[in-house]
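To start, the structure under review is shown below, and the notes come after it.
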Number of protein chains: 4
Amino acid sequence: MRNVVPFVKAMKKTPRADAQRNLDSLLEAAKAVFAESGVDAPVREIASRAGVGIATVYRHFPQRAELIAAVYRREIDACAAAAQVLAREHEPFEALTRWLHRFTSLIATKRGLAASLNAQDPTYQAVPAYFREHLEPALQSLLGAAAAAGQVRKDVDTYELLRGIGSLCIPVSEVGPGYTRRMVDLLIDGLRYGARAAP
Amino acid sequence: MRNVVPFVKAMKKTPRADAQRNLDSLLEAAKAVFAESGVDAPVREIASRAGVGIATVYRHFPQRAELIAAVYRREIDACAAAAQVLAREHEPFEALTRWLHRFTSLIATKRGLAASLNAQDPTYQAVPAYFREHLEPALQSLLGAAAAAGQVRKDVDTYELLRGIGSLCIPVSEVGPGYTRRMVDLLIDGLRYGARAAP
Amino acid sequence: MRNVVPFVKAMKKTPRADAQRNLDSLLEAAKAVFAESGVDAPVREIASRAGVGIATVYRHFPQRAELIAAVYRREIDACAAAAQVLAREHEPFEALTRWLHRFTSLIATKRGLAASLNAQDPTYQAVPAYFREHLEPALQSLLGAAAAAGQVRKDVDTYELLRGIGSLCIPVSEVGPGYTRRMVDLLIDGLRYGARAAP
Amino acid sequence: MRNVVPFVKAMKKTPRADAQRNLDSLLEAAKAVFAESGVDAPVREIASRAGVGIATVYRHFPQRAELIAAVYRREIDACAAAAQVLAREHEPFEALTRWLHRFTSLIATKRGLAASLNAQDPTYQAVPAYFREHLEPALQSLLGAAAAAGQVRKDVDTYELLRGIGSLCIPVSEVGPGYTRRMVDLLIDGLRYGARAAP
DNA sequence: GATGAATGAGTGTTCATTCAT
DNA sequence: CATGAATGAACACTCATTCAT
């Protein structure tokens, strides 16, 4: 009941509870802006898109990397969590493939995530750290299972694969739709090729 | 009258020849700066490194993309030319592999080339255009030969492969040395995997 | 009804007494912050140091000058009071000298007091007003006594002397320890010089 | 002849030669702004007052301290140079007194000079450095001569005296005109007092 | 009364680009 | 042709102050 907000009041301002609401708009806006203009987009743009003052952005996220991380954290979590489900429901290679495609969607639909992963600026390092910490174990288990089953080669580094696929997700001009998918599939085939050569 | 150059002035500068000299220093400087600070480096830095005025940069290259293109043109040409030599000296798959590694070096050692290829800014499109125009045919012939020999699959788009490998050349943090090489090799194995599966 | 405080709430906070407690922490915190970062220090720093909300600072001291004044009021009072004691216990010139040194300590140890005295901002004028109102009479009596005793010249304006010494208390870089003391002593000697010349 | 600027041309823009003109307006404007609002005045204000773009300020003076130094350099030089003239034309104590008053004018009329001397910000250190480097020797010679003549005491540190007088030049509210002069004279008398006491 | 979230004006600083010499 | 001075838009970030809870 406490969450039922009277109509009129809701249209006004709603401060205290709006801290959360603001935070949400902020994350929403940032996600959109990052997708459009990359993670280097002006703070002002994010703020105005969210309908809040600039300082509000700084209040919630003193460092830009914290905002970036916050924006992608949930999606990274969801993607990592998907690994267990896929492992339960499919045989190893199928699970691996599906997850890699899932991962591909994560990166490909978030312009800016890929960019922030490659940023040399130390300010941004919170993002790749979180990224690695959560996604590497997810891939690790799937890759290990598929390798154990002799379906893919054993000598591929998990994190490198993650980053390699991440790079392939960077949008490229003048290529047809499905380019990323095809490249990722090619890489996956590369994983299988090795499995045959060294059983 | 306009062409009459006062004696004294003529002894100071040698206009015609200096134009070329300036252009050369400019390309040299730009290459170095691009390698160090990326293609977004301040124009001023390039100009001062070349020992010329800023306006001179703009005279020769009104658009930044033209400078970038000019900087990489020669290297792109050389890489493209290598294809023919390799085709003559090695059997198809070997030639293809060697050339892809050659191409990898081209991209990997030119910080900024890869970036400018992916730039969304329409200003930069001269670079990918030149890039595609010269390198696609080179890879096309090698890829076609290897495919004809049944060594690699036939269904891979040349330009996409070019861009895919290009993306894999983007430097990535927290990976060991040789990361790019390993990823490219994985992709090449992907090419072979298909060949076996569908001979 | 307004005064009826629900039990639970009453156990959490003790409103009436806390008002004073807050005020005290505020003054304490402000004194510390002023000493460290000058009187221009961010309000937020004072608030957080005092463990209260920002708005609480504004409630008690809508104008920054009022806070400054409140911070230094007690010390100004104590210094002023010292004059009478010194006058009782020492002969005129000795009492004067001792008090001026006492006054020097007051200013010198309160970074920001001196600054706020010289502020052009009309917002700050409450401080010099209080300052003058209390300290000028104190010095006046000591100076008058010493002058009457022929130990110092008669033609020096009390308030000017107060401010002159105040200025000498401003910390200065690249001078040895004891600089302020030496300068103030020099000024005091100036007071005596006149006495001899015009007895 | 080269300096004769055609009227019409002069009224237009005059770029190359105007570099100097701009620099002059800049110094002029900065001096005025420093006098009005202190050396912390917004760069924008100086720029607009000088009628130039902001970046022009930064071109000439990348560091604010450089601008401050440039603004006061000439006046410091002139003041330092005056010492020799005074020493030639007056007997030691008279020369010393006159120079100290000259020095007082330098500081007192340049609101902001005094301030920048006391700045803790390391950015500003160029100013006190230049200040000390030039004015300390000037005072040193005058002070030494007067001390040798037994007219002032010997145990006063030159630089401390310089800074002490500098502090006395800080404008103070609610004092009558001539306050600084009176305080400085009092300090000078302090110098003489010691001379009598210890000949 | 107390809170702290929100605000937005203000400031330093960088950089691409133009233009008179 | 080359020069580099000048420009001003753009951006990050801080902080005093207000206001709904």
Side-chain angles (χ1 to χ4, degrees), chain A residues 9 12-23 26 40-45 47-48 50-60 62-64 123, chain B residues 2 5 9 12-16 18-19 22 40-45 47-48 51-60 62-64 123, chain C residues 2 5 12-16 18-19 22-23 40-45 47-48 51-60 62-64 123, chain D residues 9 12-23 26 40-45 47-48 50-60 62-64 123:
Chain A
K9 207 171 177 182
K12 266 179 147 185
K13 272 233 167 176
T14 32
R16 196 57 54 94
D18 223 24
Q20 186 56 42
R21 183 162 310 184
N22 267 345
L23 207 157
L26 217 42
D40 287 327
V43 175
R44 264 186 184 75
E45 193 179 332
S48 74
V52 304
I54 303 177
T56 302
V57 182
Y58 281 95
R59 160 175 291 277
H60 288 293
Q63 302 291 335
R64 177 185 288 260
T123 320
Chain B
R2 238 175 99 270
V5 179
K9 202 174 180 183
K12 272 174 145 184
K13 312 181 178 184
T14 20
R16 208 59 63 89
D18 248 27
N22 269 346
D40 287 327
V43 176
R44 221 173 226 88
E45 195 179 332
S48 74
V52 304
I54 295 182
T56 303
V57 182
Y58 279 93
R59 160 171 299 277
H60 287 295
Q63 302 292 333
R64 178 186 288 259
T123 321
Chain C
R2 239 175 98 268
V5 179
K12 272 175 142 185
K13 311 183 178 184
T14 19
R16 206 56 62 89
D18 247 25
N22 269 346
L23 209 155
D40 288 327
V43 176
R44 220 174 228 88
E45 195 179 332
S48 74
V52 305
I54 295 181
T56 303
V57 181
Y58 280 93
R59 159 169 300 277
H60 289 294
Q63 301 292 333
R64 177 186 289 259
T123 321
Chain D
K9 208 171 178 182
K12 268 180 147 183
K13 271 236 168 174
T14 32
R16 195 56 54 93
D18 224 24
Q20 186 55 43
R21 182 162 311 183
N22 267 344
L23 207 157
L26 217 42
D40 287 327
V43 176
R44 269 183 182 76
E45 193 180 333
S48 75
V52 304
I54 303 176
T56 302
V57 182
Y58 280 94
R59 159 176 292 278
H60 289 294
Q63 303 291 335
R64 178 186 287 260
T123 320

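Just so we're on the same page: letters track the sequence lines, and every chain starts at 1.
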dA6(E), OP1 or OP2 - any side-chain N/O from N22(A) closer than 4.0 Å? yes
Protein-to-nucleotide contact annotation, 5' to 3' order, nucleotides 12-18 of chain E [B base; S sugar-phosphate only; - none; under 4.0 Å, heavy atom]: BBBBBBB
OP1 or OP2 of dT3(F) under 4.0 Å from side-chain N/O of T56(B): yes
May I ask you to verify if any side-chain N or O of R59(C) is less than 4.0 angstrom from the OP1 or OP2 atom of dA2(E)? yes
For DNA chain F, consecutive-pair runs of 3 or more (Watson-Crick or G-U wobble, both H-bond-type distances under 3.5 Å) give E:2-21 with F:2-21
What closest approach, in Å, do R64(A) and V43(A) show between heavy atoms, and which atom pair accounts for it? NH2-CG2, 3.7 Å
Report the residue (G53(B) or L23(D)) whose heavy-atom-nearest nucleotide on DNA chain F is the more 5′ of the two. G53(B)
Measuring to OP1 and OP2 of dA5(E), would you say a side-chain N or O of H60(A) lies under 4.0 angstrom away? no
If you take all heavy atoms of E45(A) and A41(A), which pair is closest and at what distance? OE1-CB, 4.5 Å
Most 5' of G51(B) and G51(D) on DNA chain F, judged by nearest nucleotide: G51(B)
What nucleotide among dA2(F), dT3(E), dT7(F) has an atom nearest to a side-chain atom of V52(C)? dT3(E)
Sequence neighbours excluded, which residues qualify as side-chain contact (heavy atoms from CB on, under 4.5 Å) partners of R44(D)? I54(D)
Contacts of type side-chain contact (heavy atoms from CB on, under 4.5 Å), residue A50(D), not counting sequence neighbours: S25(D), L26(D), A29(D), V52(D)
